[in-house]
Amino acid sequence: MVMKIDEPDKLIAANKGGTIIFGQNNDCVIAASDPAAFEPFAIKKKRILGDNEIAVISAEGWEIFKEAKTEEEDFFSAKSDIGDFLFFMEKEIFEQPKIFSNTIAGRFIFEQGLPRLDGIEDFARELRNVKNFHFVGCGTAYNACRYAALLFNRFGIAARAWIASEFCYSHPVFDPTDAFVFISQSGETADTIEVINEIKIKGNICLGIVNVPGSRIWRETDAGIGIRAGKEKGVASTKAFTSQLATIVMLAVFLARQRKMTIDTGQRIINELKKIPDKIEIILRDADRIKELAKKYACFRNYYFLGRYFHSVTADEGSLKLKEISYVHAEGYPLGEMKHGPLALIEPDFCSVVIIPDDPIFKKGIVNIHEIKGRNGTVLAITDKKKGISPADDTINIPTTIDYLSPILTTIPTQLFAYYMALEFGCNPDKPRNLAKTVTVN
Ligand code: BG6
């Protein structure tokens with residue numbers, strides 16, 4: 001902030017990645033970098049100076065002169081041309097390294113091992129006292145909710161996931177102090193909005209993790225985080241999913257740092273998140289081989305996608321992608337559950353895509369693969385195990401990362417596999433039959 005010698009009654013403020021907040025009451029205008037500074041003053045009006053914004057402050061108030069294009073303007077003015085890609089889905093899959101970087105850009109205070117999430121800062125104090133988090137969404141966003149619940153629990157924070165269309169009719173039990181996090185790419189999904197309306201009656205904190213700025217869920221929630229994935233035109237969500245996972249990790253670390261997580265752990269996760277775009281790039285370089293595998297496996301009409309722990313989420317998302325755009329029957333299932341029923345379907349022309357990274361439960365997964373191979377089932381494995389998985393018929397290798405970040409990487413081969421399978425069957429991956437990008441009725 002600066003002051004011109006000849007205009008001592010005005011301050012000029014410019015913001016580049018910092019925090020500048022203005023507050024006004026009947027007597028004065030205050031500028032501060034910490035919301036706590038306003039407590040002694042009965043503030044009537046408040047304004048956070050956004051990134052790349054400049055303001056002139058006087059006793060009458062403030063004027064924002066160079067208003068950066070709002071996220072909304074940025075989002076809607078962005079040209080989404082298909083470039084050299086065949087379909088938007090392909091473009092959006094290959095955009096993920098850039099989009100992921102964009103989602104996390106400028107959102108860390110590394111020295112504190114802390115994400116900076118402007119959208120929810122005002123609720124930081126309340127969120128510190130929340131004992132239970134509920135994640136609510138539909139389709140791919142519901143799979144992101146499942147990931148969030150697993151990650152929060154991993155960080156010692158109680159959380160669970162809800163399918164939005166089930167919530168209002170399943171007599172959910174929750175505490176008035178619980179917080180709800182609504183995940184939605186479009187921000188317009190009717191089933192999710194129905195739950196927001198219900199929770200607003202109950203008075204719980206409602207947060208949003210949304211892609212489309214200014215959308216209904218963006219507006220209706222108390223606070224939220226934009227995932228910055230840009231326009232997603234393919235009906236089957238891809239880049240929005242990996243950006244949702246990135247945003248969930250940042251939210252989880254933010255809340256865990258308020259609780260027991262140390263600076264070191266926070267910094268380790270931030271460092272690893274920053275390596276993810278390059279690791280996605282490495283997987284995308286293997287696209288031609290995954291295309292060959294889709295050609296080879298196009299003869300199968302029934303699929304299981306299987307994984308344990310975090311990868312039961314990737315399994316569900318992988319099976320959803322194959323269903324959505326290639327119309328092949330595919331079911332996601334926790335790998336350890338196979339012997340309790342689903343194994344009955346296994347026969348040579350039933351393919352199992354097993355997501356099995358080299359993590360603490362790897363050996364258990366290998367036993368399950370032997371159970372499938374023991375019934376002459378076909379196994380396509382996705383792993384970061386260097387030499388691949390010997391009992392599997394084929395293996396797709398991915399780079400290694402922290403186990404709870406690995407779903408961000410294991411998702412990519414399942415997106416490509418589904419996309420190339422759709423092309424094998426001559427389907428239009430951008431406009432799959434019977435589906436819409438946003439379902440605004442329920
Ligand atoms: C479906 C889309 O209509 O809605 C899916 O086809 C999506 O891709 C689901 O995951 C939920 O949409 P949203 O916009 O709330 O994330």
Side-chain angles (χ1 to χ4, degrees), residues 72 75-76 80 87-93 95-96 99 103 134-148 161-168 180-199 206-221 224-248 305 313-327 330 332 407 411 414-415 418-419 422 427-442:
E72 215 159 321
F75 185 93
F76 290 108
S80 51
F87 290 99
F88 277 104
M89 183 178 179
E90 185 186 20
K91 174 177 177 273
E92 288 156 6
I93 292 174
E95 265 182 339
Q96 290 179 103
I99 294 292
T103 300
H134 302 261
F135 290 88
V136 182
C138 303
T140 290
Y142 170 64
N143 287 330
C145 290
R146 290 196 45 229
Y147 172 77
W162 297 88
I163 291 179
S165 55
E166 285 292 306
F167 185 87
C168 296
F180 283 75
V181 185
F182 298 92
I183 303 185
S184 173
Q185 186 285 126
S186 63
E188 303 291 350
T189 299
D191 287 326
T192 308
I193 291 168
E194 183 182 47
V195 183
I196 295 176
N197 295 341
E198 178 62 16
I199 296 304
C206 292
L207 300 181
I209 292 183
V210 179
N211 188 33
V212 180
S215 59
R216 181 95 183 270
I217 297 177
W218 180 289
R219 296 193 315 272
E220 301 261 338
T221 43
I225 312 165
I227 69 169
R228 303 175 179 166
K231 271 191 199 134
E232 188 174 64
K233 303 198 77 159
V235 167
S237 187
T238 53
K239 62 176 181 174
F241 181 60
T242 46
S243 286
Q244 283 163 352
L245 300 192
T247 307
I248 289 163
F305 282 69
V313 174
T314 319
D316 282 353
E317 180 57 15
S319 72
L320 180 61
K321 291 288 100 92
L322 196 64
K323 280 194 280 265
E324 279 177 310
I325 62 171
S326 68
Y327 320 144
T411 292
T414 67
Q415 295 170 344
Y419 173 74
C427 306
N428 176 341
D430 283 354
K431 295 197 170 33
R433 69 186 186 198
N434 309 341
L435 296 178
K437 182 67 188 164
T438 307
V439 180
T440 53
V441 291
N442 64 350

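For ligands, and for the atoms within them, numbers begin at 1 and follow the listed sequence. Since the model is a prediction, treat every value here as computed from it, not as a measurement.
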Using a 3.5 Å cut-off on N or O atoms only, is A436 in polar contact with ligand 1? yes

So the atoms of ligand 1 within less than 4.0 Å of a heavy atom of S186 turn out to be 13 (P), 14 (O), 15 (O)

Using 30° and 60° as the class boundaries, would you call the ring planes of H134 and F180 parallel, tilted or perpendicular? parallel

Who passes ring-ring contact (aromatic ring centres under 6.0 Å, His included) against F135, sequence neighbours left out? F152

Numbering the atoms of ligand 1 from 1, which are under 4.0 Å from a heavy atom of T189? 12 (O), 13 (P), 14 (O), 15 (O)

Any ion pair linking E95 and K239 (charged N to carboxylate O, less than 4.0 Å)? yes

Pairs touching residues 432-442 that satisfy salt bridge (Lys or Arg N to Asp or Glu O under 4.0 Å), sequence neighbours left out: E232-K437

Is it true that D316 and R146 make a salt bridge, defined as a side-chain N closer than 4.0 Å to a carboxylate O? yes

Distance under 4.0 Å to a non-hydrogen atom of V439: what atoms of ligand 1 satisfy this? 3 (O)

For A141, take its heavy atoms, then give the atoms of ligand 1 lying under 4.0 Å from any of them. 10 (O), 16 (O)

May I ask you to list the atoms of ligand 1 that are less than 4.0 angstrom from any heavy atom of Q185? 13 (P), 14 (O), 15 (O), 16 (O)

Taking only heavy atoms of T140 into account, list the atoms of ligand 1 that are under 4.0 Å away from them. 10 (O)

So if I count the atoms of ligand 1 from 1 in the order they appear, which ones are less than 4.0 Å from some heavy atom of K437? 1 (C), 2 (C), 3 (O)

Is it true that V235 lies under 4.0 Å from ligand 1, counting heavy atoms only? yes

Mark the output for E188 as yes if a heavy-atom distance to ligand 1 is under 4.0 Å, and as no if none is. no

Measure across I199 and C206 and return the closest heavy-atom pair with its distance rounded to 0.1 Å. CG2-SG, 3.6 Å

